[in-house]
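For the numbers below, each heavy atom of this structure counts, side chains included, while hydrogens, waters and symmetry mates do not.
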Amino acid sequence: MKKKIIALLMVLTLSVTMFSACGKESGKKDEGEKTPVRLALMTTGFTVPIYYADVQGYFEKLGLDVSVEYFANGPAINEAIASGDIDIAGIGEMPSVTGAITNGSKIVSWMTDDEASIQCYARNDSDIVKEGKGHIKDYPEIYGTAKTWKNKEVICAKGTSSHYGLLATLSALGLTEDDIKLTNMEGTAGAAAFASGTGDIFFGFDPQWAEFYQNSDKYTQISTCEKAGKGLYNVLIASKDFYNNHGDAITKFIQAVLQSEEEFRADENTYYSAMYDWQNSYGSCTEELAKYSASIKELVPLDEQKAKFEAGKDGKSEVSKSLDVVSQFMVDNKVISANDKKVFDKSDVVDTKFLYEAIDDLQK
């Protein structure tokens with residue numbers, strides 16, 4: 001396994017590690033040849049099965065030469081796909097919608113439920129925290145009321161799953177984005193700014209909120225996407241070019257990730273340990289935080305993953321229904337236009353064949 005350091009310039013400079021694995025793609029290449037896969041990920045907990053697959057050499061055994069570049073959020077990944085620099089990416093459901101519209105990218109696999117990971121924090125001296133929770137009938141776990149939330153400065157990265165969680169919380173409160181001051185800031189930089197005293201509220205995904213979660217004497221979790229009543233997925237997407245020309249590599253990539261997930265489901269301590277190692281490879285993570293991060297990202301059996309993509313009596317799958325809800329919510333909140341939604345609805349964005357083939361290969 002080769003390693004090299006890269007610099008990623010966005011709102012701030014991130015130093016991250018790239019990995020690669022090599023091998024033989026059965027039936028397509030001579031022995032010793034390998035299929036390059038340029039992977040984009042975020043430094044967040046839902047990507048741990050991919051990290052573990054690399055550490056265990058699963059990509060290599062399946063003939064894939066995987067190199068990964070880490071990005072701050074989904075919109076940045078979409079930009080890299082548009083530039084032709086990325087083949088496969090782990091991404092949130094909201095940026096997967098915009099990616100399908102702008103890049104023609106395809107959703108090829110489910111990864112985890114994400115709604116519990118999208119979390120919102122305020123300082124304990126905030127009037128929102130002091131007001132407590134239980135004021136909103138249908139969303140009793142959200143702190144505060146429309147009155148205390150109104151005009152607050154919220155630090156959040158626009159166009160991301162965190163933004164979706166913020167919009168969902170505002171909707172539950174009977175507010176819109178126009179009722180708050182949104183400071184658009186990449187999550188890691190936003191968390192640092194919030195910790196230094198900037199803004200009133202921070203909305204982000206793990207481990208961006210780790211410091212706030214671990215310091216309950218200073219901060220309180222006042223909402224999550226889940227507590228605001230919205231489901232959300234993390235998914236694996238493929239660029240249009242890679243989808244059209246390297247289907248076998250997509251299947252093998254998914255197979256390696258599923259193999260990791262199956263090991264995690266068989267032994268939760270393996271999952272916790274991998275999460276701990278993974279998050280400490282790019283930051284600082286305690287054992288308690290690693291267990292919490294794993295606990296809010298349930299990994300379901302292969303047949304259940306398959307079922308998420310199977311059409312019901314109404315002709316729609318669980319995944320397609322979720323995408324309908326997310327894309328319409330984006331229209332309602334002016335993240336995308338109604339015409340964008342029409343393009344998305346016609347794009348046939350989900351393709352299950354790679355996931356099904358990968359599951360069949362593992363179950364043989």
request  = Answer with yes or no whether the side chains of Thr251 and Asp248 bring together a donor and an acceptor at under 3.5 Å.
outcome  = no

ask   = Heavy-atom distance under 4.5 Å between the side chains of Glu186 and Asn73, does that happen here?
value = yes

task = For Val300 and Trp110, run side chain to side chain contact (heavy atoms under 4.5 Å, CB included): C-alpha distance rounded to whole Å, both residues' side-chain angles, the deciding distance at 0.1 Å, then the answer.
result = CA-CA 10 Å; Val300 303; Trp110 174 88; 3.6 Å; yes

message = Under a 4.0 Å threshold between the charged nitrogen and the carboxylate oxygen, would Lys306 count as salt-bridged to Asp360?
response = yes

request  = Could you check Asp332 against Gln328 for side chain to side chain donor-acceptor pair (under 3.5 Å), going step by step and ending with a plain yes or no?
outcome  = CA-CA 6 Å; Asp332 295 341; Gln328 185 58 54; 2.9 Å; yes

query = Sub-3.5 Å donor-acceptor pair from the side chain of Asn234 to the main-chain atoms of Asp114, do we have one?
reply = no

query = How far apart are the C-alpha atoms of Ile50 and Met111, what are their side-chain angles, what is the distance that settles it, and do they pass the side chain to side chain contact (heavy atoms under 4.5 Å, CB included) test?
reply = CA-CA 10 Å; Ile50 297 174; Met111 292 195 72; 3.7 Å; yes

remark   = Across all chains, not counting sequence neighbours, the salt bridge (charged side-chain N to carboxylate O under 4.0 Å, His left out) partners of Lys133 are Glu141

query = At their closest point, which heavy atom of Ile254 faces which heavy atom of Val108, and how far apart are they?
reply = CD1-O, 3.5 Å

inquiry  = Side-chain heavy atoms nearer than 4.5 Å, only ILVMFWY residues, links allowed to pass through others: does that put Tyr272 and Val48 together?
reply    = no

ask   = Is a side-chain N or O of Asp340 found less than 3.5 angstrom from the main chain of Ser337, in a donor-acceptor match?
value = yes

inquiry  = Between Ser295 and Lys291, do the side chains contain a donor N or O and an acceptor N or O under 3.5 Å apart?
reply    = no

inquiry  = Check this for me, if you would: do Lys147 and Asp179 make a salt bridge, where the nitrogen-to-carboxylate-oxygen distance has to be below 4.0 angstrom?
reply    = no

Salt-bridge contact Lys316-Glu310 (side-chain N to carboxylate O under 4.0 Å) = no

Donor-acceptor side-chain pairing of Tyr121 and Gln119 below 3.5 angstrom = yes

ask   = Is it the case that Glu298 and Thr112 place a side-chain donor and acceptor less than 3.5 Å from each other?
value = no

note = For Glu115 and Lys230, the nearest pair of non-hydrogen atoms, with its separation, is CB-O, 3.3 Å

task = Answer yes or no: is there a donor N or O on one side and an acceptor on the other, between the side chain of Asn244 and the main chain of Lys240, under 3.5 Å?
result = yes

query = Does a side-chain N-to-carboxylate-O contact under 4.0 Å join Asp314 and Lys321?
reply = yes

message = Filter on ring-ring contact (aromatic ring centres under 6.0 Å, His included), then keep only pairs touching residues 141-191, sequence neighbours left out; what's left?
response = Tyr164-Phe329

ask   = Mind checking whether Tyr276 and Phe205 sit in one hydrophobic cluster, side chains of I, L, V, M, F, W, Y counted as touching below 4.5 Å?
value = no

inquiry  = Between Asp200 and Lys181, does any side-chain N to carboxylate O distance fall below 4.0 Å?
reply    = no

message = List the residues meeting salt bridge (charged side-chain N to carboxylate O under 4.0 Å, His left out) with Lys353, not counting sequence neighbours, and say none if there are none.
response = Asp351

query = Side chain of Ser260, backbone of Ala53: donor and acceptor closer than 3.5 Å?
reply = yes

inquiry  = Given 3.5 Å as the limit, does a donor-acceptor pair link the side chain of Asn215 with the main chain of Lys218, or not?
reply    = no

query = Using 30° and 60° as the class limits, which term best fits the ring planes of Phe59 and Phe253: parallel, tilted or perpendicular?
reply = parallel

key: Side chain proximity check, Leu182 to Cys156, heavy atoms < 4.5 angstrom   = yes

Thr148 side chain to Asp127 side chain, donor-acceptor N/O pair below 3.5 angstrom = no

message = Using every non-hydrogen atom in the two residues, find where Ser223 and Ala228 come nearest and quote the distance to one decimal.
response = OG-CB, 4.5 Å

key: Pair Glu288-Tyr213, side-chain donor/acceptor within less than 3.5 Å   = yes

message = Closer than 3.5 angstrom, by distance alone: can the side chain of Trp209 be matched with the main-chain N or O of Gln221 as a donor-acceptor pair?
response = no

key: Close side-chain approach of Ile222 and Val129, heavy atoms under 4.5 Å   = yes

query = Does a side-chain heavy-atom distance below 4.5 Å link Val37 with Phe242?
reply = yes

key: CA sep, side-chain torsions, deciding dist, call: Tyr219, Phe202, ring-ring contact (aromatic ring centres under 6.0 Å, His included)   = CA-CA 10 Å; Tyr219 307 97; Phe202 172 77; 9.7 Å; no

task = Check whether the side chains of Gln56 and Glu263 place a donor and an acceptor atom closer than 3.5 Å, and report yes or no.
result = no

key: Distance-minimising heavy-atom pair for Gly199 and Arg123   = O-NH1, 2.6 Å

task = Side-chain contact test, heavy atoms from C-beta onward, threshold under 4.5 Å: evaluate it for Ile81 versus Ile237 and give yes or no.
result = yes

ask   = Does the side chain of Tyr356 reach to within under 4.5 Å of the side chain of Phe309, using non-hydrogen atoms?
value = yes

inquiry  = Please give me the minimum heavy-atom distance between Tyr139 and Lys227, naming the atom from each residue.
reply    = CD2-O, 3.6 Å

message = Using every non-hydrogen atom in the two residues, find where Leu258 and Ala358 come nearest and quote the distance to one decimal.
response = CD1-CB, 4.1 Å

message = According to side-chain contact (heavy atoms from CB on, under 4.5 Å), who are the partners of Asp267, at least two apart in sequence or on a separate chain?
response = Asn269, Thr270

request  = Answer yes or no: is there a donor N or O on one side and an acceptor on the other, between the side chain of Asn124 and the main chain of Asp217, under 3.5 Å?
outcome  = yes

key: Pair Trp278 and Phe264, ring centroids less than 6.0 Å apart   = no

N/O donor to acceptor pairs below 3.5 angstrom from side-chain atoms of residues 86-96, sequence neighbours left out:
from  : atom 1 : to     : atom 2 : distance (Å)
Asp87 : OD1    : Arg38  : NE     : 3.4
Asp87 : OD1    : Arg38  : NH2    : 2.9
Asp87 : OD2    : Arg38  : N      : 2.8
Asp87 : OD2    : Arg38  : NE     : 3.1
Glu93 : OE1    : Tyr233 : N      : 2.8
Glu93 : OE1    : Ser322 : OG     : 3.1
Glu93 : OE2    : Ser322 : OG     : 2.6
Glu93 : OE2    : Leu323 : N      : 3.3
Ser96 : OG     : Glu93  : O      : 2.6

ask   = Are Tyr243 and Phe354 close enough that their ring centres sit under 6.0 Å apart?
value = yes

ask   = So, Ser105 side chain and Gly99 main chain: donor-acceptor pair closer than 3.5 Å or not?
value = yes

query = Do the side chain of Glu131 and the main chain of Thr145 share a donor and acceptor less than 3.5 angstrom apart?
reply = yes

message = Quick one, Ser293 with Asp206, criterion side chain to side chain donor-acceptor pair (under 3.5 Å). Give me CA distance, side-chain angles, the key distance, then yes/no.
response = CA-CA 7 Å; Ser293 187; Asp206 73 321; 2.6 Å; yes

message = Using modelled atom types and a 3.5 Å cut-off, is there a donor and acceptor pairing between side-chain atoms of Thr176 and backbone atoms of Asp178?
response = yes

remark   = Residues at least two apart in sequence or cross-chain that pass salt bridge (charged side-chain N to carboxylate O under 4.0 Å, His left out) with Asp348, listed by chain then number, are none

